[in-house]
Amino acid sequence: MKRIPLIILFGLFILLIGCEEPDPFKVLEASYFYEYIEAFNENDNELYKQYLPNDSAFAFLSQNIPIIEIPDKEIEEIYYFRWWTFRKHIKQSEDGFVITEFLPKVPWSGKHNTINCPAGHHIYEGRWLRDPIYIADYIDFWLNKSGDGIRKYGFWVADAILAFQKVHRNDSLIASQLDLLVDNYKEWEQTRLDSNKMLFWQLDGLEGMEVSVSGRILNGGKPIGGMEAIRPSMNSYMFGDARAIATLAKLTNKQSLAQDFDAKAQLIKQEIQQRLWNEELDFFTVLPRAYSEASKPINVRELIGYTPWYFNLPDDRINYSIAWNKLMDTKGFYAPYGLTVCERSHPFFEINYTGHECQWNGPSWPYATTQTLKGLSNLLNNYSHQGNVSKEDYYQLLLQYAKSHVIIDEDGKQQKWIDENLNPFTGDWISRTRLKTWENRTWSQAKGGEERGKDYNHSGFCDLVIADFLGLKLGLDNTIEVNALVPETWDWFCLDKVNYRGRELTVIWDRTGKKYQKGKGLMLYIDGELKAKALHIEQLKYSL
């Protein structure tokens, strides 16, 4: 049978779209990113297929993702690449849709090959899909059908659900989930609260952060896969969840419950600032699990020290903002190919090609980069004291993150790629380099099989572009805010086809008015109607 050329099929697709009722307000069309998707498909060795294989990618994405057009084509391309990879991880099961971390089955996963460690990133990212069914099902799976899998690793589930509800608010869903979120929180209190009943302990390995430098220090200087400790990350997750539960309780008129969880959040905030703030290092660091009043947090800066800002936890004080001075410092966390997970100046910092393939003692991890960039965005948006970082640094780090999404094969061919841990000095994907010759000079099934980390879904990128870089922030109270962190030199950008509770949002910046022919300035449109405008790139607010 003779095959129909792709270009003809695409023409027929566009023709069919054209047969629909015309849209009087047109800015960006799905055809804009068609060539990106085709290139990703063409370069891909599609080893593992789930609900949406490559030949369905464009049709699905064209109906579901917000469309962006920006002057920086490297960030733009990776935006579409990350949606292309995210789509691969949507899996249909008897429990509804779930999102996977690895495409091949890995021995340490739970039901349906799910792992809750990156599920907060999955929900933040997937909330921007036009059809909410995929993430709504996924949330329902964790709350109702995953058993203890919801607590296998640290997971800011209530906070992530709150973020989802800001895009797809459903009060009946909130009411049905609230008791389950409370039960989950109480289980964490039963199993992870310290002896003082104030802070939570966790193993670094159960935050997906094996062989950390803090764990090594607490283990007498000897590397260890997991070490119990009071960690800034786990306690920030619990703060974020307590505050989110309080917010959801208020929406369902459960004022007593809201007060209880507001008090829990306030206590964690107080204890993190009092017990985990290292005055010698001006940083949030790890505290031994068996701490006393005289105990001090240990002397190593790790990227998890920025996690409190992911949840807007620290007070807006100059002494806390000093921590951010290490972000762009080459003795701190800045390296040519990505942020390191431990400060580079520490004696235990290393990039290791022996031992465990996933070490958190030096490499750049997209998981942690995502958390840090969200925290940095919150700092720049919500704090008056910002240390010596700026939105120019945000752009530089987001661009660096985008550029890291690449691999060069043995033949010198380059393609877009996302994997596990990155060598911050060479750009090499460390786990892949090691795993491809792990057992008898090839892949090990015990380690997850061939190309375990290919298209690894353990981080976020698209949410960072939409909500932070282009600055679209949606409120539960029907407020819409635009506060972009893009360079002041940009003459234009556009974020289009964002579904917000059944309405379509468009954000346009056009300095001269010539790019999009909609007028000059920064503009917010709802269903094609101009609702807010400014002459410069500045904060816009609108209430429905």
Quick one: are [X] and [Y] in side-chain contact, heavy atoms under 4.5 Å?
X      : Y      : answer
Leu470 : Ile70  : yes
Tyr394 : Leu464 : yes
Leu399 : Ile75  : yes
Lys436 : Trp443 : yes
Tyr48  : Glu450 : yes

Using the ring centroid of each side chain, check whether [X] and [Y] are separated by less than 6.0 Å.
X      : Y      : answer
Tyr395 : Phe469 : yes
Tyr138 : Phe164 : no
Trp108 : Phe102 : yes
Trp188 : Tyr185 : no

What heavy-atom pair brings [X] and [Y] nearest, and what distance separates the two atoms?
X      : Y      : value
Ser212 : Gly215 : OG-N, 3.0 Å
Pro297 : Leu287 : N-CD1, 3.7 Å
Glu488 : Arg511 : O-NH2, 2.7 Å
Ile537 : Pro487 : CD1-O, 4.0 Å
Ala242 : Lys264 : CB-CB, 4.2 Å
Tyr32  : Ile68  : CE2-O, 3.5 Å

Residues [X] and [Y] bridged, charged N to O under 4.0 Å:
X      : Y      : answer
Glu69  : Lys515 : yes
Arg434 : Glu420 : no
Glu46  : Lys88  : no
Lys269 : Asp315 : yes

Handout entry: side-chain contact (heavy atoms from CB on, under 4.5 Å) evaluation trace for Val406 with Trp429
Key = CA-CA 9 Å; Val406 69; Trp429 294 101; 5.8 Å; no
Please determine whether the number of non-hydrogen atoms from other residues, nucleotides or ligands lying under 6.0 Å from atom [atom1] of [X] exceeds 12.
X      : atom1 : answer
Glu439 : CD    : yes
Lys541 : NZ    : no
Lys73  : NZ    : yes

Exercise for the section: Decide side-chain contact (heavy atoms from CB on, under 4.5 Å) for Ile161 and Trp142; before the verdict, give the C-alpha distance in whole Å, the side-chain angles of both, and the deciding distance to 0.1 Å. Expected result: CA-CA 11 Å; Ile161 287 172; Trp142 285 120; over 6 Å; no
Exercise for the section: Check the pair Lys326, Glu343 against salt bridge (charged side-chain N to carboxylate O under 4.0 Å, His left out), reporting the backbone distance first and the verdict last. Expected result: CA-CA 8 Å; Lys326 288 293 178 180; Glu343 60 181 331; 5.3 Å; no
Is a side-chain donor or acceptor of [X] paired with a backbone partner of [Y] at a separation under 3.5 angstrom?
X      : Y      : value
Asn116 : Tyr153 : yes
Asn278 : Ile298 : yes
Arg344 : Phe349 : no
Glu125 : Cys462 : yes
Asp204 : Met227 : yes
Asp194 : Asn196 : yes
Asp393 : Ser390 : yes
Glu207 : Met234 : yes
Thr370 : Pro366 : yes
Glu302 : Ser214 : yes

Handout entry: Distance under 6.0 Å and angle within 45° of ring axis: Arg216 vs Phe348
Key = yes
Exercise for the section: Validate the cation-pi geometry between Arg87 and Trp83: distance from NZ or CZ to the six-membered ring centre under 6.0 Å, angle to the ring axis within 45°. Expected result: no
Handout entry: Asp428/Tyr353 under side chain to side chain donor-acceptor pair (under 3.5 Å): CA gap, chis, key distance, verdict
Key = CA-CA 11 Å; Asp428 174 52; Tyr353 282 78; 2.5 Å; yes
Practice task
Mind running side chain to side chain donor-acceptor pair (under 3.5 Å) on His122 and Asn457 for me, showing each step along the way?
Solution key: CA-CA 8 Å; His122 295 165; Asn457 196 23; 3.2 Å; yes
Practice task
From the options Phe311, Phe284, Phe333, select the one residue that forms a ring pair (Phe, Tyr, Trp, His ring centres under 6.0 Å) with Tyr306.
Solution key: Phe333
Residue pair [X] / [Y], side-chain donor-acceptor N/O under 3.5 Å:
X      : Y      : result
Asn54  : Asp44  : yes
Tyr36  : Glu76  : yes
Asn41  : Trp84  : yes
Asn113 : Thr100 : no

Exercise for the section: Please step through salt bridge (charged side-chain N to carboxylate O under 4.0 Å, His left out) for the pair Asp468 and Lys374, ending with a clear verdict. Expected result: CA-CA 7 Å; Asp468 301 296; Lys374 180 68 72 174; 2.8 Å; yes
Fill in the blank from the handout: Value for CG (Asn312) from CG (Asn382), rounded to nearest 0.5 Å, stands at 4.5 Å
Exercise for the section: Evaluate the side-chain contact (heavy atoms from CB on, under 4.5 Å) criterion for residues Arg275 and Glu293: first the C-alpha distance (whole Å), next the side-chain angles of each, then the deciding distance (0.1 Å), finally the verdict. Expected result: CA-CA 9 Å; Arg275 301 311 312 260; Glu293 276 301 313; 3.8 Å; yes
Exercise for the section: Any chance you could lay out the salt bridge (charged side-chain N to carboxylate O under 4.0 Å, His left out) test for Asp463 and Arg127, step after step, and finish with the verdict? Expected result: CA-CA 9 Å; Asp463 175 69; Arg127 65 183 173 144; 2.8 Å; yes
Exercise for the section: Could you walk me through whether Trp156 and His121 pass the ring-ring contact (aromatic ring centres under 6.0 Å, His included) test, one step at a time? Expected result: CA-CA 9 Å; Trp156 53 106; His121 288 326; 5.2 Å; yes
Exercise for the section: Could you go through the side chain to side chain donor-acceptor pair (under 3.5 Å) check for Asn440 and Thr442 one step at a time? Expected result: CA-CA 5 Å; Asn440 299 322; Thr442 190; over 6 Å; no
Problem - side-chain contact (heavy atoms from CB on, under 4.5 Å) evaluation trace for Leu303 with Trp360 - result: CA-CA 10 Å; Leu303 212 56; Trp360 286 71; over 6 Å; no
Problem - Verdict with supporting geometry, Ser345 and Arg301, side chain to side chain donor-acceptor pair (under 3.5 Å) - result: CA-CA 10 Å; Ser345 59; Arg301 298 181 186 92; 5.2 Å; no
